[in-house]
Amino acid sequence: MTSHGHHGYHLVDMSPWPLTGSISAMMLTTGLVKWFHLFNMDLLCLGLLGTLLTMIQWWRDVTREGTYQGLHTSLVTKGLRWGMILFIASEVLFFFSFFWAFFHSSLAPTVEIGMTWPPQGIQPFNPFQIPLLNTTILLSSGATVTWAHHAIMESNHTQAIQSLALTVLLGFYFTFLQALEYVEASFTIADSVYGSTFFVATGFHGLHVIIGSLFLSVCLYRLYNCHFSAGHHFGFEAAAWYWHFVDVVWLFLYVFIYWWGS
């Protein structure tokens with residue numbers, strides 16, 4: 001029995017957030033175009049603000065429905081699990097396209113880039129410096145988020161908060177080091193197909209690390225407010241799945257683009 005009748009589904013109430021979210025996303029994309037062509041960030045900042053406010057209020061409503069109103073039944077949670085699984089599968093295909101572009105150019109370099117890989121004039125990163133450190137950081141964060149999951153399952157609130165906070169710190173530290181790496185790069189996204197594939201693949205991964213870090217930060221806030229229990233913590237579980245996906249993608253990036261590709 002639910003508040004909606006004799007079924008286990010959650011029929012959501014009318015909400016303004018899909019509308020405000022779509023309008024904000026439109027302002028965000030058109031604001032990017034305006035920034036690129038006219039060097040004016042007004043519309044971009046407005047789109048970012050609208051998107052941020054929509055996210056905060058929409059997530060607040062979902063948290064309220066699942067934590068306080070009891071609307072996330074086992075059947076609803078099953079649907080959320082499949083939704084997250086399909087989303088991660090789509091992300092796998094998203095990154096697959098970047099690796100396809102990389103291998104298409106690197107396995108058979110054309111005469112336009114000197115028939116060598118990396119192309120002539122490109123000085124790639126040393127894979128045993130910052131990239132190796134970032135690999136260690138992300139693998140460590142995968143261990144700490146698993147530690148947090150086990151702590152939640154065992155109702156160890158203190159250890160769960162400590163391990164999840166450490167995961168968030170490692171995520172933002174990774175982002176800081178990657179930004180430092182970009183600043184020190186000897187090539188740009190405009191330097192042949194190598195620069196394009198390198199910065200698009202690693203840049204989108206960096207964006208996913210930022211999103212995952214924010215996802216885990218929200219979970220840390222919810223964990224601090226005792227929203228999760230041993231039997232009700234899918235919000236955290238989804239964030240952990242996403243984080244493990246980010247870890248695995250980085251391993252492929254490190255092995256093929258940083259190490260083999262250099």
Side-chain angles (χ1 to χ4, degrees), residues 28-29 32-33 35-37 39 44 85-145 167 170-216 241-262:
L28 193 62
T29 51
L32 279 169
V33 174
W35 178 37
F36 292 160
H37 289 274
F39 306 103
L44 175 61
I85 289 170
L86 292 174
F87 170 69
I88 291 176
S90 72
E91 293 283 272
V92 170
L93 297 177
F94 179 71
F95 278 98
F96 180 81
S97 65
F98 299 146
F99 283 106
W100 184 288
F102 172 78
F103 285 119
H104 176 79
S105 299
S106 61
L107 292 176
T110 62
V111 67
E112 288 82 5
I113 59 174
M115 301 184 71
T116 60
W117 192 266
Q120 293 180 4
I122 296 290
Q123 180 62 42
F125 290 103
N126 185 337
F128 301 109
Q129 293 181 349
I130 289 181
L132 183 59
L133 176 58
N134 266 345
T135 302
T136 305
I137 290 169
L138 268 194
L139 290 178
S140 300
S141 71
T144 55
V145 79
T167 305
L170 289 171
F172 285 118
Y173 185 43
F174 175 95
T175 302
F176 168 76
L177 289 178
Q178 190 171 34
L180 192 65
E181 180 183 70
Y182 280 7
V183 169
E184 296 178 348
S186 61
F187 57 93
T188 70
I189 195 171
D191 285 323
S192 80
V193 69
Y194 184 91
S196 299
T197 52
F198 176 87
F199 280 107
V200 169
T202 60
F204 268 111
H205 176 268
L207 176 63
H208 282 69
V209 171
I210 294 172
I211 293 170
S213 300
L214 294 174
F215 199 172
L216 290 170
W241 290 356
Y242 187 84
W243 196 250
H244 287 309
F245 157 74
V246 168
D247 286 351
V248 172
V249 170
W250 175 257
L251 288 177
F252 280 94
L253 286 172
Y254 177 75
V255 171
F256 292 114
I257 293 182
Y258 281 100
W259 180 61
W260 179 84
S262 65

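For the numbers below, each heavy atom of this structure counts, side chains included, while hydrogens, waters and symmetry mates do not.
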For this session: Check whether the side chains of Tyr182 and Thr202 place a donor and an acceptor atom closer than 3.5 Å, and report yes or no.
Result: yes

For this session: With the side chain counted from C-beta on, respond yes when Phe198 and Phe102 share a heavy-atom pair under 4.5 Å apart, and no when they do not.
Result: no

For this session: Show your working on side-chain contact (heavy atoms from CB on, under 4.5 Å) between Ile113 and Thr110 and close with a plain yes or no.
Result: CA-CA 6 Å; Ile113 59 174; Thr110 62; 4.0 Å; yes

For this session: I would like to know whether Phe172 and Leu214 meet side-chain contact (heavy atoms from CB on, under 4.5 Å); could you show each step before the answer?
Result: CA-CA 9 Å; Phe172 285 118; Leu214 294 174; 4.3 Å; yes

Problem set entry | Ring centre gap for Phe252 and Phe95 strictly below 6.0 Å | no

Seminar exercise, completed: Distance col, row Leu139:CG vs Leu170:CG, nearest 0.5 angstrom, shows 11.0 Å

Problem set entry | Thr135-Trp250 side chain donor-acceptor pair, cut-off 3.5 Å | yes

Exercise. Do Ser106 and Trp260 come close enough that some side-chain heavy atom pair is under 4.5 Å?
Worked result: yes

Problem set entry | Contact check, side chains of Ile88 and Trp241, non-hydrogen atoms, under 4.5 Å | yes

Exercise. Would you say Val145 and His244 make side-chain contact, with heavy atoms under 4.5 Å?
Worked result: yes

Exercise. Any chance the rings of His205 and Tyr254 have centres within less than 6.0 Å?
Worked result: no

Exercise. Closest approach of Ser105 and Trp117, non-hydrogen atoms and distance?
Worked result: O-CE3, 3.8 Å

Exercise. Hey, are the side chains of Asp191 and Phe199 touching, using non-hydrogen atoms and a 4.5 Å cut-off?
Worked result: no

Exercise. Considering residues, nucleotides and ligands other than Phe103, do more than 12 of their heavy atoms fall under 6.0 Å from its CZ?
Worked result: yes

Exercise. Is there a side-chain contact between Tyr173 and Ser141 (heavy atoms, below 4.5 Å)?
Worked result: no

Exercise. How about Phe125 and Phe187: are their ring centroids closer than 6.0 Å?
Worked result: yes

Problem set entry | Heavy-atom side-chain proximity of Val33 to Phe36 below 4.5 angstrom | no

